[in-house]
Amino acid sequence: MSEPRFTLTRDGAVATVGLAGPGGKAVMDDAFFAELAATFADLDADDSVRAVVLAGAGDHFSYGLDLGAAAGTFAPLRSATHAGARQELLALVRRWQGALDVVAGLRKPTVAAVTGWCIGGGVDLAVACDVRIASADAVFSVREAKVGIVADLGSLQRLVGVIGDGHLRELALTGDDVDAVRAAELGLVNHVHPTAAEARTAAADLAARMAANSPLVLRGIKDVLDAERAPRVEAGLRYTAVWNAAFLLSDDLDEAMTAFVERRPPEFTGR
C-alpha cells in the first residue's frame with residue numbers, strides 16, 4: 001500500500017484534512033487525487049461531521065502537481081501516435097477533475113486554511129472549498145501557463161465567480177504570484193491572519209460556527225448556491241479536458257518539463 005496522502009483529525013463536528021502529499025511533500029500525484037476523492041466521499045457520508053477544514057500538513061498548502069511524477073505519466077503518451085493516447089489523457093484529466101468535484105460537491109461547509117505556497121492545483125483545490133482563510137505568508141499562483149498547461153482542474157471555471165473575469169484572466173495569463181494582501185483585495189481569501197497557526201485556528205473557529213447551524217439548512221444553502229454554478233463549471237471542465245487531450249502533449253510541455261529539471265526559464269515556441 002502507498003503511504004497516506006492526507007492526515008485526518010476531529011474536533012467535535014469539525015474534521016480537519018491535512019495535505020501531506022507523497023513523502024510529506026506538498027505536491028499532488030495520481031494517488032493524491034484518488035485518496036482525495038475517497039477521503040471527501042467518506043466525510044460526506046459521515047453524519048457526525050458537519051464542517052471540514054482543509055489545510056497543509058506542513059508549512060505550505062500545496063505546490064500543485066508533482067511535475068516529476070507527471071513527466072513520467074506523460075512520456076509514454078507523448079510518444080504514442082494513436083488516438084488511444086489522447087483517450088487515456090482525457091480519462092486522466094477527467095479523473096483528476098472528478099476528485100476536485102467531490103470536494104466542491106461536499107454537502108457540508110468547507111474552509112481552506114492556506115499557508116505558504118498555494119500553486120497551480122493547490123489553487124484549484126482551495127477554490128473548490130466554500131471559504132478561504134490565509135496566513136500573511138501565503139502566496140497564490142495560477143501557475144500552469146508557465147509550465148505549458150491550460151489549467152484544467154477547476155480554477156478557470158470556479159475563480160471567475162470568486163474574483164471576477166478580469167482578475168482571473170490576469171492571474172491565468174501571466175502565472176504571476178499573488179501575496180495574501182492582494183488575494184484579500186481580489187476576494188480570493190476572506191481573511192488574512194499574521195501566522196500560520198492563527199490562520200488554522202481562525203479556519204477551525206469559522207468551520208465550528210458553520211457546524212453549529214442546521215445541517216439540513218447548510219446543505220440547502222450550498223445546493224441553492226450551486227444550482228447555477230455547478231452546470232457552468234461542469235461544462236467548462238469537460239471542454240478544458242478535451243482541449244488538453246488534444247493539445248497538452250506539445251513541444252512547449254516538453255520544454256517546460258526540461259526547463260524545470262534544468263532549473264532554467266523555459267523557451268516556448270507555441271508548438
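Owing to the predicted nature of the structure, the values given are computational and were not obtained by experimental measurement.
Taking the six-membered ring where the residue is Trp, the centroids of Trp243 and Tyr239 are separated by 6.0 Å or more.
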Working note: Val139 + Phe61, criterion side chain to side chain contact (heavy atoms under 4.5 Å, CB included); need CA distance, chi angles, decisive distance, verdict.
CA-CA 10 Å; Val139 179; Phe61 186 77; over 6 Å; no

Open item on the list: Run the side chain to side chain contact (heavy atoms under 4.5 Å, CB included) test on Leu125 and Leu19 for me, step by step, so that the C-alpha distance in whole Å, both residues' side-chain angles and the decisive distance to 0.1 Å come before the verdict.
Closed with: CA-CA 11 Å; Leu125 183 54; Leu19 311 179; 3.8 Å; yes

For a side chain to side chain donor-acceptor pair (under 3.5 Å) check, start with the C-alpha distance between Trp117 and Asp177, then their side-chain angles and the critical distance, and finish with the verdict.
CA-CA 10 Å; Trp117 287 99; Asp177 298 341; over 6 Å; no

Quiz item: Taking it one step at a time, do Leu90 and Val242 satisfy side chain to side chain contact (heavy atoms under 4.5 Å, CB included)?
Solution: CA-CA 6 Å; Leu90 176 62; Val242 172; 4.2 Å; yes

### Query
So Val17 and Thr7, side chain to side chain contact (heavy atoms under 4.5 Å, CB included) or not? Walk me through it.
CA-CA 6 Å; Val17 178; Thr7 62; over 6 Å; no

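Between Ser250 and Arg271, every side-chain heavy-atom pair lies at or beyond the 4.5 Å cut-off. By the 4.5 Å heavy-atom criterion applied to side chains, Ser62 and Met28 are counted as neighbours. When side chains are defined from C-beta on, Gln157 counts as touching Thr240, because their heavy atoms get closer than 4.5 Å. Under the 4.5 Å side-chain criterion, counting only non-hydrogen atoms from C-beta, Val178 is not in contact with Ser141.
Side-chain atoms of Asp11 do not come within 3.5 Å of backbone N or O of Val14 as any donor-acceptor pair. Of the possible donor and acceptor atoms, none in the side chain of Glu198 sits under 3.5 Å from a partner among the backbone N and O of His193. At least one donor-acceptor pair under 3.5 Å links the side chain of Lys108 to the backbone N or O of Val49. At least one donor-acceptor pair under 3.5 Å links the side chain of Arg86 to the backbone N or O of Ala246. A donor-acceptor distance shorter than 3.5 angstrom exists from the side chain of Arg132 to the backbone of Leu188, with no hydrogens or angles considered. Without hydrogens or angle criteria, Glu3 side chain to Gly23 main chain gives a donor-acceptor distance under 3.5 Å. Checked by atom type and distance alone, the side chain of Arg50 never pairs as donor or acceptor with a backbone atom of Ala207 at under 3.5 Å. Judged by distance alone, the side chain of Gln97 and the main-chain N or O of Leu237 form a donor-acceptor pair under 3.5 Å. At distances below 3.5 Å, not a single donor-acceptor pair connects side-chain atoms of Arg229 with backbone N or O atoms of Gly161. Of the possible donor and acceptor atoms, none in the side chain of Asp59 sits under 3.5 Å from a partner among the backbone N and O of Thr115.
Applying side-chain contact (heavy atoms from CB on, under 4.5 Å) to Leu8 and the options Leu43, Val52, Thr16 leaves one that passes, Leu43. Among the candidates Asp176, Val189, Leu171, the single residue satisfying the side-chain contact (heavy atoms from CB on, under 4.5 Å) test with Phe140 is Val189.
Closest non-hydrogen pair, Ser135 versus Gly116, comes out as OG-N, 3.9 Å. Of all heavy-atom pairs between Cys129 and Ala112, the closest is SG-CB, 3.9 Å. In this structure, Ala128 and Thr110 approach most closely via the heavy-atom pair O-OG1, 4.4 Å. Considering all non-hydrogen atoms of both residues, Pro266 and Ala256 come closest at CB-CA, 4.3 Å. What you find for Val114 and Cys118 is that their closest heavy atoms are CG1-CB, 3.6 Å. Heavy-atom minimum distance, Ala172 versus Ala145: O-CB, 3.5 Å.
Residues Asp130 and Lys222 are paired through a salt bridge, judged by an N-O separation under 4.0 Å between the basic side chain and the carboxylate. With salt bridges taken as basic N to acidic carboxylate O contacts below 4.0 Å, none links Arg158 and Asp124. A salt bridge does not link Arg238 with Asp152: none of the charged nitrogens is closer than 4.0 Å to a carboxylate oxygen. Between Arg10 and Asp46 a salt bridge is recorded (basic side-chain N to carboxylate O distance below 4.0 Å). Contact check on Arg169 versus Asp165 returns a salt bridge, with a Lys/Arg side-chain nitrogen under 4.0 Å from an Asp/Glu carboxylate oxygen. Salt bridge absent: Asp223 and Arg107 never bring a charged side-chain N and a carboxylate O closer than 4.0 Å. The pair Glu255-Arg264 meets the salt-bridge criterion, with a side-chain N (NZ, NE, NH1 or NH2) lying under 4.0 Å from an Asp/Glu carboxylate O. Using a cutoff of 4.0 Å between basic side-chain nitrogens and carboxylate oxygens, Arg94 and Glu88 are not scored as salt-bridged.
Annotation: the span from Asp205 atom CG to Arg200 atom CZ amounts to 14.0 Å, rounded to 0.5 Å. To the nearest 0.5 Å, the span separating CG on Leu106 from CG on Asp101 amounts to 12.5 Å. The structure places CD1 of Ile149 at 11.0 Å from CG of Asp252, a figure rounded to the nearest 0.5 Å. Separation of atoms CD (Glu185) and NE2 (His167) is listed at 9.0 Å; rounding is to 0.5 Å. Interatomic distance, Leu89 CG to Phe247 CZ, rounded to the nearest 0.5 Å: 12.5 Å. Atom CG of Leu36 is separated from atom CH2 of Trp96 by 12.5 Å, given to the nearest 0.5 angstrom.
Within a 6.0 Å sphere centred on CD of Glu262, other residues, nucleotides and ligands contribute more than 12 heavy atoms. Within a 6.0 Å radius of CG in Leu173, more than 12 heavy atoms belonging to other residues, nucleotides or ligands are found. At most 12 non-hydrogen atoms from other residues, nucleotides or ligands lie less than 6.0 angstrom from CZ of Phe260.
Put simply, Leu225 and Val162 are part of two different groups of oily side chains (I, L, V, M, F, W, Y) that touch within less than 4.5 Å, one to the next. Under the 4.5 Å side-chain contact rule for hydrophobic residues, Val142 and Val93 share a cluster. At a threshold of 4.5 Å between side-chain heavy atoms, the hydrophobic network of Ile, Leu, Val, Met, Phe, Trp and Tyr places Val111 and Ile221 in two separate groups. Placement of Val150 and Leu168 within a single hydrophobic cluster is found when ILVMFWY residues are connected by side-chain heavy-atom separations under 4.5 Å, directly or transitively. Linking Ile, Leu, Val, Met, Phe, Trp and Tyr whenever their side-chain heavy atoms come within less than 4.5 Å puts Leu156 and Phe33 in one cluster.
Between Phe6 and Phe32, the ring-plane angle classifies as tilted under the 30° and 60° cut-offs.
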